[in-house]
Amino acid sequence: MPARDKYHQNFKNALTTDGWTITHDPLRLKWGNKDIYIDLGAEQLLTAEKAGCEIAIEIKSFSGASEINDLENAVGQYFLYRSVLARTEKGRTLYIAIHDEVFTEIFEEPVGRMIIEDYQIPLIVFDPQTEVILRWIPNKPIAD
């Protein structure tokens with residue numbers, strides 16, 4: 001079982017306040033002989049008759065010694081998880097959740113903007129103090 005991120009509970013609270021139901025904590029995937037754990041699986045139901053929208057979220061705090069190393073690890077982890085999800089849970093979209101200071105200090109800088117622009121990595125920006133989601137990049141997914 002993986003270690004939980006410093007802001008794990010803060011983000012869970014923000015996500016449920018935003019109307020999502022946590023379905024997995026963590027979301028366990030298996031590929032070959034390897035187990036992979038994404039921090040959260042969640043869904044948002046449209047109506048009782050229609051299927052909901054499912055997402056997976058990896059929460060990143062970027063609290064290591066180097067922001068660039070944290071960015072490299074987050075991008076690598078995102079693509080590994082996305083590849084496994086595409087083969088095991090095709091309807092689920094993967095997001096990286098970051099708190100607002102990480103967004104400002106990394107993803108509003110040229111290197112972060114380049115990563116968003118080149119790789120189209122979906123982000124959820126939240127405020128860990130108020131436990132509110134501030135932004136979905138791109139826009140919040142909508143159930144079909």
Check against side-chain contact (heavy atoms from CB on, under 4.5 Å), Leu123 and Ile116
CA-CA 9 Å; Leu123 299 175; Ile116 292 172; 3.6 Å; yes
Taking every heavy atom of Gln120 against every heavy atom of Tyr78, the minimum-distance pair comes out as O-OH, 4.4 Å
Just so I know, are the side chains of Val75 and Ile121 near enough to count as touching, which here means a heavy-atom distance under 4.5 Å?
yes
Check whether any side-chain heavy atom of Met114 sits under 4.5 Å from a side-chain heavy atom of Glu117, and report yes or no.
no
Cluster overlap Tyr119 with Val125, hydrophobic side-chain contacts below 4.5 Å
yes
Just so I know, are the side chains of Asp18 and Lys140 near enough to count as touching, which here means a heavy-atom distance under 4.5 Å?
yes
Nearest heavy atoms of Leu27 and Arg92, plus distance in Å
CD2-CD, 3.6 Å
Is the shortest heavy-atom distance from the side chain of Thr17 to the side chain of Ile133 under 4.5 Å?
no
Can you check side-chain contact (heavy atoms from CB on, under 4.5 Å) on Thr16 and Ile22, steps first, answer last?
CA-CA 7 Å; Thr16 54; Ile22 305 297; 3.8 Å; yes
Please report, to 0.1 Å, the donor-acceptor pairs under 3.5 Å made by any side chain of residues 97-112, with sequence neighbours excluded.
unit_1: His99; atom_1: ND1; unit_2: Glu101; atom_2: N; d: 3.3
unit_1: Thr104; atom_1: OG1; unit_2: Asp100; atom_2: O; d: 3.1

Measuring from atom CZ of Arg113 to atom CD1 of Ile115, what distance do you get when rounded to the nearest 0.5 angstrom?
12.5 Å
So with a 6.0 Å cut-off around CG of Asp118, is the heavy-atom count from everything else above 12?
yes
Taking Trp20 as the fixed residue, which of Tyr95, Trp136, Phe11 is the one that meets the ring pair (Phe, Tyr, Trp, His ring centres under 6.0 Å) rule?
Trp136
Roughly how far, to the nearest 0.5 Å, is OG of Ser83 from CG of Leu29?
11.5 Å
Counting only heavy atoms from other residues, nucleotides and ligands, does the tally under 6.0 Å from CZ of Phe79 exceed 12?
yes
Please list all pairs passing the salt bridge (charged side-chain N to carboxylate O under 4.0 Å, His left out) test where one or both residues lie in residues 61-81, with sequence neighbours left out.
none
For residues 53-61, please give each side-chain donor-acceptor pair under 3.5 Å, one per line with the distance, not counting sequence neighbours.
unit_1: Glu58; atom_1: OE1; unit_2: Asp39; atom_2: N; d: 3.1
unit_1: Lys60; atom_1: NZ; unit_2: Gln77; atom_2: OE1; d: 2.6
unit_1: Ser61; atom_1: OG; unit_2: Asp5; atom_2: OD1; d: 3.2
unit_1: Ser61; atom_1: OG; unit_2: Ser63; atom_2: OG; d: 3.0

Within the supplied structure, the quantity of interest is the number of heavy atoms (other residues, nucleotides, ligands) at a distance under 6.0 Å from Lys90 NZ; does it exceed 12?
no
Name the one of Thr93, Ile38, Leu94 that satisfies side chain to side chain contact (heavy atoms under 4.5 Å, CB included) with Arg82?
Leu94
To the nearest 0.5 Å, what is the distance between CG on Leu15 and CG on Asn10?
12.5 Å
Please examine the side chains of Lys12 and Leu40, heavy atoms only from C-beta on, and report whether any two atoms are closer than 4.5 Å.
yes
side-chain contact (heavy atoms from CB on, under 4.5 Å) between Arg28 and Asp35: does it pass, once the steps are laid out?
CA-CA 7 Å; Arg28 179 178 177 226; Asp35 291 320; 2.9 Å; yes
Phe62 side chain near Leu71 side chain, heavy-atom distance below 4.5 Å:
yes
